[in-house]
Amino acid sequence: MEKKKFPVGAEHYALYEEIGQGVSASVFRAKCLLNNEIVAIKVLDFERGSVDLNNISREAQTMFLVDHPNVLKSHCSFVNDHNVWVVMPFMPGGSCLHILKSAHPEGFEEVVIATILREVLKALVYLHDHGIIHRDIKAGNILICERGAIKLGDLGVSACLFNSGDRQRTRNTFVGTPCWMAPEVMEQLHGYDFKADIWSFGITALELAHGHAPFSKYPPMKVLLMTLQNAPPGLDYERDKKFSKMIASCLVKDPSKRPTSKKLLKHSFFKQARSNEFIARKLLEGLPTLGDRLQALKKKEEYMLVQKKIPDGQKEEMSQNEYKRGISSWDFDLDDLKAQASLVLYFILILKHLCYVRGGSGGLGLYLSKIEE
Amino acid sequence: MKGLFKSKPKTPVDLVRQTRDLLIYADCNPDSRESKREEKFATLSKLLRELKQILYGNSEAEPVSEACAQLTQEFFKENTFRLLIVCLPKLNLEARKDATQIVANLQRQQVQSRLIACDYLEANIDLMDILVSGYEDPDMALHYGAMLRECIRHQTVARYVLESEHMKKFFDYIQLPNFDIAADAAATFKELLTRHKSTVAEFLSKNYDWFFAEYNSKLLESPNYITRRQAIKLLGDILLDRSNSAVMTRYASSRDNLRILMNLLRESSKSIQIEAFHVFKLFAANQNKPADIIGILVANRSKLLRLFADFKPDKEDEQFEADKAQVVREIAGLEPREN
């Protein structure tokens, strides 16, 4: 492991353009003036939004202590005025979401997906072994370095099940991004564990295949409803059988029936996975720099808004951006949404109850299928 | 062939013993760079991972309490615990993390409904000195810090740290340039000052003078925004705790303290203002206000009332509004006692 020294103190870094944005944080490309290394600096603002100090320090610590080639690690973090700066390696490829948006709006081909997802799974095996649930797996958090190496980033909402000495059976917080969120995370009934990441992993697979997550054009509330009530989403056109089977195994509503990350890594779909160089060649060659790409995307969005000609794809992107912006505040700024969601849950519970009364035949799914008959 | 003659799985007791042997080796063989040494450290890392998995389970299985109890008992029978802490700097990052989680977990394990970790630490209380000093070593700080926070769950251990000279060092640790380490020290500091009510109350009344002098000058008046913000929040938590009421009365009778709090009320940061209000209200609500406190409040009456006129947290908060109304009433109704 190469050990470059990264100094603490804002005066040692020159900030360049912004490369990412969230509710209470922005990410900048920057240069470390001491060793001339290009880095990414996440600037977390303590005064914006309802930022919890504990969450930020936990994120900084988790990112500092992880040590796996597929997990983004921080070099250091320090306080600068109202902000905390977290210094991380710069990933010039940007996120898979960026690449989908700017060059592959219809999704990636399967070999590419298998290669990316195998690396993500390795990261998940590591995190889960350490008791960490990522809680925000999605294309936007899968980062690509210039040589095509894949790293899972943004441990901003991750939680440690092994935290403070006890194995906590489950977590019970409503965090993540709606489209990628597992039903048990939405329900908040029995809590959730590592398997919540497996669901999000399945959704991410669909996202990489289609260019967008299922339900991504709907408002968050609708997404909650659809995730809870509809059958799990799947591929919208014929793909390789192994691929759809792999996805289906992740998108089972009963978390205990989903495979562990370790087991999933052995799925035959991933046998076709290739090398980092392959990713570099397939996805990165010919792409403008990350800064230029983001600039172009921004312009496109603004232009579309002015023209009021918003094609569906664009709507989805904007909708996704909306969710993205929502991430950090899910813990929980959008009280409204939660209130709505609990109303829906209440409704569902009543349905379930009715269903028990009608003969104790199990869950909502059964009830609905009875109606159809 | 290995698979064919696989020995039967080792018991938790065996694993702890083997770990102990390797730790003894690690402890007294400094820097002999042989392949043998590397091999032993690799085995040690593997053993620590296994011990962790017994205590926490893994992504597929929950821990078994019987095995945990056996492991714990063996761990504290001899000096394994001490060796692990002393040798921690010699381990690699992954092994350090495993060791930290093991130490954390052992604090909660009961053997025949006794927390034997507590008995052990009482007899080996000097280990706390190593853990606290960890904040001075950036490589060890987060590991020793996490262990320390778990150890002070035991009241006697917390009392030792509170009454030791270490307590003074926390005022500097909290402001270390590395945010992750400073935040860890702040978390430990908070735990020390809030967890065991009676011990904290006793500590604060015995050490009132130096403690609040340091607290005011180093934390509440720190140039570091995060330090001020954490410190004012913690001060509110401490003073508003019923078990610290004597300390609170004393704190809220001092003109110097009031001056510092009023400066915090003027900060541009909303969060600091709000937290400062929760301490300021104690000065205003005090029914036996000393004359100099009344003097200051009267002299600044119109400014204070103007400040409070549109002063409210982002989220609606009935309790806050009620407190504010009371503070405003108090200040508006004040008569200077002298002149």
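All values below were derived from every heavy atom in this structure, side-chain atoms included, with hydrogens, water molecules and symmetry-related copies excluded. Chain identifiers are assigned alphabetically (A, B, ...) following the order of the sequence lines, protein sequences preceding nucleic acid strands; residue numbering begins at 1 within each chain. Everything numeric here is computed off the predicted structure, so don't read it as measured data.
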> Quick one: are A/L65 and B/H143 in side-chain contact, heavy atoms under 4.5 Å?
yes

> So does B/K270 have more than 12 non-hydrogen atoms from other groups sitting under 6.0 Å from NZ?
yes

> Can you name the nearest heavy-atom pair linking A/D67 to B/K97, along with the distance?
N-NZ, 4.1 Å

> I need the minimum non-hydrogen distance between A/Q61 and B/L142, along with the two atoms involved.
NE2-CD2, 3.6 Å

> Taking atom CD1 of B/I226 and atom CG of A/N83, what is their separation to the nearest 0.5 Å?
8.0 Å

> Please check if the number of heavy atoms outside B/K312 that lie under 6.0 Å from its NZ is greater than 12.
no

> Are more than 12 heavy atoms, taken from residues, nucleotides or ligands other than A/E11, located less than 6.0 Å from that residue's CD atom?
yes

> Any chance NZ of A/K122 has more than 12 other-residue heavy atoms, nucleotides or ligands included, within less than 6.0 Å?
yes

> At a 4.5 Å cut-off on heavy atoms, which part of B/N178 comes close to chain A: side chain, backbone, both, or neither?
both

> Quick check: closest heavy atoms across B/Q101 and A/H130, and the distance to 0.1 Å?
NE2-O, 4.0 Å

> Where does B/E94 contact chain A at under 4.5 Å (heavy atoms): side chain, backbone, both or neither?
side chain

> Less than 4.5 Å to any heavy atom of chain B: does that hold for the side chain of A/V79, its backbone, both, or neither?
both

> Where on A/F6 is there a heavy atom nearer than 4.5 Å to chain B: the side chain, the backbone, both, or neither?
neither

> Determine whether more than 12 heavy atoms belonging to other residues, nucleotides or ligands lie under 6.0 Å from atom NZ of B/K190.
no

> Where on B/R96 is there a heavy atom nearer than 4.5 Å to chain A: the side chain, the backbone, both, or neither?
neither

> Restricting to non-hydrogen atoms, name the atom on B/D180 and the atom on A/S77 that form the minimum distance, rounded to 0.1 Å.
N-OG, 3.5 Å

